[in-house]
There are 2 protein chains.
Amino acid sequence: MAAQTGTVLHENVREEIMRRVRSGEYEVGQALPSTASLSEEFGVSAITIKRALRDLQPTGILRSVPGLGTFVREHRRFIRDLDFSLTSHADALRLGLEPSISLVSLTREKIVDPAFDPLEPPGHLMLCVRKIIFADRTPIMYDTSYLPRSLDDAVVEEFGEKFIGDALRARGTKFTRTKLLIDAAPASEQARETFTIPNGYPTLRRLYRLDTTDKSFCVYGVTESPFDRLACMVELDAEPKKSRR
Amino acid sequence: MAAQTGTVLHENVREEIMRRVRSGEYEVGQALPSTASLSEEFGVSAITIKRALRDLQPTGILRSVPGLGTFVREHRRFIRDLDFSLTSHADALRLGLEPSISLVSLTREKIVDPAFDPLEPPGHLMLCVRKIIFADRTPIMYDTSYLPRSLDDAVVEEFGEKFIGDALRARGTKFTRTKLLIDAAPASEQARETFTIPNGYPTLRRLYRLDTTDKSFCVYGVTESPFDRLACMVELDAEPKKSRR
DNA sequence: GAGTGGTCTAGACCACCCT
DNA sequence: GGGTGGTCTAGACCACTCC
């Protein structure tokens with residue numbers, strides 16, 4: 001039958017199911033046996049099986065679809081460079097993937113999320129652009145960016161259609177500094193909807209602040225990605241140029 | 001009574017509890033009402049209350065202790081610089097916190113975690129040092145580092161007691177390159193034990209590869225932190241020095 | 001209509017903590 | 001002993017998908 005290392009039933013079931021997925025016993029894309037049959041096989045109630053399966057959802061290896069079944073998810077993860085100057089349409093193509101962007105909303109908002117605090121955001125209203133970035137048709141980032149309100153509509157459109165780096169370059173703006181705050185977080189409401197992930201699903205966030213040569217032009221934002229869709233890479237120099245001691 | 005926006009009971013309860021915590025109605029450090037009384041108040045079964053509370057655990061705002069109650073967690077998050085050259089004992093002190101390190105294990109292992117793949121790890125056995133890093137007495141990082149096997153014991157001890165950057169400097173070794181892969185992930189087994197966090201709790205991971213002037217001396221490793229304990233910050237230059245086009 | 005997963009409940013039992 | 005949260009169960013109902 002099943003592994004019986006622990007004393008808690010749903011944990012034993014969870015571990016055993018995970019083992020079967022990892023070992024390939026349950027194949028990617030295929031449906032697991034129904035909760036009813038698993039219940040019979042493990043000799044525990046159907047509810048306990050469901051509990052175990054639900055607890056596996058945040059690991060990203062399973063996805064349950066009501067009325068259909070529970071499936072082993074395939075996971076393909078994209079790796080992006082942290083540097084915004086390299087994050088562009090051209091860069092995505094270079095990596096061999098087809099990027100696309102879908103505008104979600106254009107509003108005027110203040111930055112209220114306390115996660116921004118270390119970036120010292122302004123207290124006033126800003127243009128808020130929300131968009132979804134796809135790679136090869138699959139959504140990989142949910143981006144919320146805040147721009148100065150002094151932009152004319154044509155430029156705003158551009159920010160909704162392009163990567164921020166590209167939009168700024170098209171406008172002739174140059175970065176002076178890029179400050180990034182990287183953390184993990186349970187999926188936000190929007191992320192849950194965008195990526196159809198369950199409550200509490202781990203996501204990778206990148207909060208940014210882009211300063212430009214134009215003192216009054218400063219861009220803030222946050223990019224959220226499901227942990228299994230995106231990671232980011234950065235290469236640091238041998239010795240820091242600026243001494244912080 | 002309670003909010004009734006949705007149609008799913010445990011979600012309504014979850015949202016309402018979250019609202020109360022955020023609004024300060026349930027104070028930090030204080031125990032929530034018992035599941036029994038919440039059950040009565042919301043007019044749902046105790047199981048549904050427990051379900052809602054359990055689903056809130058991965059958000060980090062609650063902690064349930066069997067036999068005691070469910071409490072509102074205080075969260076204080078540390079922010080570290082990504083650059084390893086700045087990650088040191090002295091640096092921690094500068095930030096006004098008291099760092100300490102506790103050695104967990106010293107073994108010989110191969111790097112098997114596929115998460116390391118983008119860093120191109122070697123296939124052979126390495127010295128594996130696992131340690132827990134504390135800040136002001138609270139554990140904030142679980143670090144697993146892999147070192148060349150050619151080290152003498154005295155030096156190995158040093159790696160167990162010090163930050164990697166400090167240990168390398170003490171050995172007179174210089175970095176030539178630091179490659180970092182940052183991602184989020186559900187808590188590993190060790191992280192769950194170390195930080196006493198529940199299954200599926202989001203963590204921030206930093207996988208690293210440190211190359212040194214000594215060609216044969218290369219350090220790999222991964223640092224895992226609960227999402228609510230650590231974030232990392234990095235500042236990038238105006239223009240990339242190296243062209244990658 | 002038969003099968004699927006998701007929700008909700010009542011009730012029982014346990015281990016734990018405090019007095 | 002009386003409180004707490006955690007587990008497990010049987011059984012009922014629902015919405016959904018597929019045939």
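To find a chain, count down the sequence lines: A is the first, B the second, and so on, and within it residues start at 1. Please read these numbers as outputs of a predicted model, since none were measured by experiment.
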Peer 1: Between A:Glu15 and A:Arg19, is there a side-chain N and carboxylate O pair less than 4.0 Å apart?
Peer 2: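 No salt bridge links A:Glu15 with A:Arg19.
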
Peer 1: Restricting to pairs with a member in residues 43-64 of chain B, which pass ring-ring contact (aromatic ring centres under 6.0 Å, His included), not counting sequence neighbours?
Peer 2: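 Checked against ring-ring contact (aromatic ring centres under 6.0 Å, His included) - neighbours excluded - no pair reaches residues 43-64 of chain B.
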
Peer 1: Taking the basic N atoms (NZ, or NE/NH1/NH2) and the acidic carboxylate oxygens, is any pair closer than 4.0 Å for B:Asp136 and B:Arg76?
Peer 2: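 So B:Asp136 pairs with B:Arg76 through a salt bridge.
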
Peer 1: Given that A:Thr70 and A:Ile47 both sit by DNA chain C, which one's nearest nucleotide is further toward the 5' end?
Peer 2: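 Checking each residue's closest nucleotide, the 5'-ward one belongs to A:Thr70.
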
Peer 1: Hey, can you tell me if B:Phe227 and B:Tyr201 have their rings parallel, tilted or perpendicular (30° and 60° cut-offs)?
Peer 2: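 It falls in the tilted class, 30° to 60°.
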
Peer 1: Write down the distance between CG (B:Leu62) and P (D:dG5), rounded to a whole number of angstrom.
Peer 2: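 Distance, rounded to whole Å: 11 Å.
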
Peer 1: Would you mind telling me which residue lines up with the more 5' stretch of DNA chain D, B:Leu68 or A:His10, judged by nearest nucleotide?
Peer 2: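 It is B:Leu68 whose nearest nucleotide is closer to the 5' end.
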
Peer 1: Heavy atoms of chain B, cut-off under 4.0 Å: which first and last nucleotide of DNA chain C, 5' to 3', fall inside that, if you could look?
Peer 2: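 Endpoints of the contacted stretch of DNA chain C: C:dT7 to C:dC17.
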
Peer 1: Hey, could you give me the CG/CD distance between A:Asn199 and A:Glu189, rounded to the nearest 0.5 Å?
Peer 2: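 Between A:Asn199 CG and A:Glu189 CD, I get 9.0 Å after rounding to 0.5 Å.
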
